[in-house]
Number of protein chains: 2
Amino acid sequence: MGRQAQIGRAVILDTALKIADDHGLDAVTMHGVARSLEVTPMALYRHVASKAALLDGLVEVLLTEIPLPPRAQPWDEFLMALAAAIRATARRHPAAFPLLLFRPAVTPAATSVRDAVHQALRQAGVPEAQVARTERLLSTAVLGFAVSEATGRFSRHDQAAIDADFAELQRWLRQLLPPGSTNQTAGNTVGETS
Amino acid sequence: MGRQAQIGRAVILDTALKIADDHGLDAVTMHGVARSLEVTPMALYRHVASKAALLDGLVEVLLTEIPLPPRAQPWDEFLMALAAAIRATARRHPAAFPLLLFRPAVTPAATSVRDAVHQALRQAGVPEAQVARTERLLSTAVLGFAVSEATGRFSRHDQAAIDADFAELQRWLRQLLPPGSTNQTAGNTVGETS
DNA sequence: ACCTGAACACCGTTCAAGT
DNA sequence: ACCTGAACACCGTTCAAGT
């Protein structure tokens with residue numbers, strides 16, 4: 001028994017993301033993805049359980065695509081670089097990115113981003129009892145901005161104005177964290193929370 | 001010519017919102033709304049141009065449903081009350097509310113909320129050149145939180161934790177605005193921007 | 001002016017069948 | 001184990017027709 005698999009979960013997700021990039025999220029359909037792969041719609045169901053599962057997979061791909069900045073730098077630079085990386089990913093995949101706001105971040109990819117932020121916040125001197133809450137508010141603000149930009153909520157403003165908005169957001173976020181511990185490097189205690 | 005209209009735009013939008021509340025946004029379909037109204041799907045097209053237009057109408061209804069707090073109070077209380085009102089609306093309509101992040105706020109309803117915030121920010125002493133930008137970041141943060149809560153992104157936390165998150169968010173926002181002008185009332189110059 | 005009826009291309013998913 | 005084929009209920013929307 002057995003037969004060479006023609007497609008796999010990874011190719012399906014990549015194809016779906018490409019369709020979203022090129023033609024919008026509404027164009028991501030089981031029939032459409034199958035058509036792109038020159039395969040029957042039903043062939044997909046061997047690799048993804050349902051369309052909802054396919055969208056969950058897209059979220060995973062997006063999270064994995066966010067490049068974690070090097071941790072050997074001051075915590076504030078690390079956090080600002082991460083915010084910029086998240087925004088850049090949103091701009092690369094504006095149609096698919098909003099999905100990130102719609103699913104609780106419980107997958108390994110999501111956890112790893114969150115843990116990195118937790119580390120940086122500890123380095124920043126945020127009291128342990130506040131670390132998780134601060135991460136939630138930080139990520140909500142950055143995601144909110146990235147999604148707003150991606151969906152065109154700011155579209156009546158020019159690029160320069162939106163860039164300045166983001167710079168101001170970054171200033172806000174830095175301002176909200178305890179000052180003065182800027183010289184410490186983030187992430188040199190990786191693993192202590194696992 | 002002439003015939004008693006059985007349905008109208010308002011009833012269509014109300015019905016669509018009810019369906020979203022009860023069965024989720026995916027259940028909002030032309031066929032489904034028509035079924036609820038005991039009418040043919042095609043009857044809707046006399047009152048809304050397309051499904052996209054129907055969703056735009058839903059955004060309008062949501063914006064109109066946000067009760068603007070009384071303006072005769074200190075600007076910071078006004079802004080915090082407005083944030084709370086936005087969050088409350090999101091909680092009443094969790095399925096439909098995320099639509100607000102997906103359309104530029106150009107309708108009259110959206111403009112009126114934005115103008116009220118602009119007024120309050122001026123009262124707060126925000127320099128004129130910063131008013132629009134500050135409003136964008138403020139509304140992005142509040143919308144981001146409200147949508148995250150509505151979509152269940154925080155669902156692995158209990159209600160008390162999420163309430164505390166929101167309280168912390170409100171503290172952040174207040175902190176970011178110029179201090180010291182708390183005794184002025186907001187909105188007593190309504191109309192000066194129109 | 002407002003609604004119905006029939007129709008079309010498309011969608012997500014089931015079930016049975018092929019190799 | 002992996003894919004195909006036929007099928008079903010449903011969707012958004014067009015077009016022509018009724019009153």
Side-chain angles (χ1 to χ4, degrees), chain A residues 1-62 95-96 98-99 102-103 151-152, chain B residues 1-62 95-96 98-99 102-103 151-152:
Chain A
M1 55 184 155
R3 172 185 181 173
Q4 277 295 19
Q6 304 178 27
I7 57 177
R9 187 178 138 88
V11 220
I12 291 175
L13 296 180
D14 287 351
T15 304
L17 185 54
K18 177 126 186 45
I19 294 176
D21 291 343
D22 293 346
H23 302 103
L25 197 56
D26 287 347
V28 177
T29 66
M30 300 301 272
H31 284 250
V33 172
R35 207 178 304 131
S36 270
L37 291 168
E38 299 187 298
V39 115
T40 287
M42 283 318 300
L44 304 180
Y45 285 85
R46 192 73 30 187
H47 307 276
V48 295
S50 64
K51 180 168 183 198
L54 187 154
L55 295 179
D56 283 342
L58 239 36
V59 169
E60 218 183 305
V61 171
L62 288 172
L99 289 172
F102 290 78
R103 324 227 142 250
T151 60
Chain B
M1 53 180 159
R3 174 182 177 174
Q4 276 295 20
Q6 302 179 28
I7 57 176
R9 188 177 136 86
V11 219
I12 291 175
L13 295 180
D14 286 351
T15 305
L17 185 54
K18 178 125 186 44
I19 293 177
D21 291 344
D22 293 346
H23 302 103
L25 197 56
D26 288 347
V28 177
T29 66
M30 299 301 272
H31 285 252
V33 172
R35 207 177 305 133
S36 270
L37 292 167
E38 298 187 299
V39 116
T40 287
M42 283 318 300
L44 305 180
Y45 285 84
R46 192 77 25 193
H47 307 276
V48 295
S50 64
K51 180 166 182 198
L54 187 154
L55 295 180
D56 283 342
L58 240 36
V59 168
E60 219 183 304
V61 171
L62 288 172
L99 290 171
F102 288 79
R103 325 227 141 248
T151 60

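We name chains A, B, ... by the order of the sequence lines, and we start the count at 1 in each one. Side chains included, hydrogens not; waters and symmetry mates left out as well; all remaining heavy atoms used. Bear in mind the structure is a predicted one, so any value in this text is a computation, not a measurement.
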Asker: From the options C:dC3, D:dT13, D:dC2, select the nucleotide whose nearest atom is closest to the side chain of B:Met42.
Answerer: D:dT13
Asker: What's the CD1-C1' distance between B:Ile7 and C:dC2, to the nearest Å?
Answerer: 9 Å
Asker: Can you check side-chain contact (heavy atoms from CB on, under 4.5 Å) on B:Leu44 and B:Leu37, steps first, answer last?
Answerer: CA-CA 10 Å; B:Leu44 305 180; B:Leu37 292 167; 4.2 Å; yes
Asker: B:Lys18 and side-chain hydrogen bond (donor to acceptor under 3.5 Å, both in side chains): which single residue from B:Asp22, B:Asp14, B:Asp21 fits?
Answerer: B:Asp22
Asker: Please name the pair of heavy atoms, one in B:Leu17 and one in B:Leu58, separated by the smallest distance, quoted to 0.1 Å.
Answerer: N-CD1, 3.9 Å
Asker: Working to the nearest 0.5 Å, report the span between CZ of A:Arg9 and CZ of A:Arg46.
Answerer: 16.0 Å
Asker: Please give, in whole Å, the distance from C:dT4 C1' to B:Leu37 CG?
Answerer: 15 Å
Asker: Reading 5' to 3' and counting Watson-Crick or G-U wobble pairs with both distances under 3.5 Å, write the dot-bracket notation for DNA chain C, | for bases paired outside the strand.
Answerer: ||.|||||...|||||.||
Asker: Give every pair of a protein N or O atom and an N or O atom of nucleotides 9-12 of chain D that lie under 3.5 Å apart, one pair per line with the distance.
Answerer:
{"from": "D:dC11", "atom 1": "OP1", "to": "B:Thr29", "atom 2": "OG1", "distance (Å)": "3.3"}
{"from": "D:dC11", "atom 1": "OP2", "to": "B:Arg35", "atom 2": "NH2", "distance (Å)": "2.9"}
{"from": "D:dG12", "atom 1": "OP1", "to": "B:Met30", "atom 2": "N", "distance (Å)": "3.4"}
{"from": "D:dG12", "atom 1": "OP1", "to": "B:Lys51", "atom 2": "NZ", "distance (Å)": "3.2"}
{"from": "D:dG12", "atom 1": "OP2", "to": "B:Met30", "atom 2": "N", "distance (Å)": "2.7"}
{"from": "D:dG12", "atom 1": "OP2", "to": "B:His31", "atom 2": "N", "distance (Å)": "3.4"}
{"from": "D:dG12", "atom 1": "N7", "to": "B:His31", "atom 2": "NE2", "distance (Å)": "2.9"}

Asker: Is a salt bridge present between A:Glu60 and A:Arg103, judged by a nitrogen-to-oxygen distance below 4.0 Å?
Answerer: no
Asker: Taking atom P of C:dC2 as reference, at what distance in whole Å does atom CD of B:Glu38 sit?
Answerer: 20 Å
Asker: Got a second to check how far B:Thr40's OG1 is from B:Met30's CE, nearest 0.5 Å?
Answerer: 12.0 Å
Asker: Expressed as a whole number of angstroms, how long is the span from A:Arg46:CZ to C:dC15:P?
Answerer: 13 Å
Asker: So which atom in A:Ala96 and which in A:Leu62 form the shortest heavy-atom distance, rounded to 0.1 Å?
Answerer: O-CD1, 3.6 Å
Asker: Which pair of non-hydrogen atoms, one from B:Leu13 and one from B:Leu54, has the smallest distance, and what is that distance?
Answerer: CD2-O, 3.7 Å
Asker: Between atom OG of A:Ser36 and atom NE2 of A:His31, what is the distance when rounded to the nearest 0.5 Å?
Answerer: 13.5 Å
Asker: For a quick check of understanding: with a heavy-atom distance under 4.0 Å over all strands, which category does A:Ala43 fall into, base, sugar-phosphate or nothing?
Answerer: base
Asker: Could you measure the distance from the CD1 atom of A:Ile7 to the OG1 atom of A:Thr15? Nearest 0.5 Å is fine.
Answerer: 9.0 Å
Asker: Hey, what do you get for CG (A:Leu99) to CG (A:Asp56), rounding to the nearest 0.5 Å?
Answerer: 8.5 Å
Asker: Under 4.0 Å, heavy atom to any atom of DNA chain D: which of residues 11-19 of chain B qualify?
Answerer: none
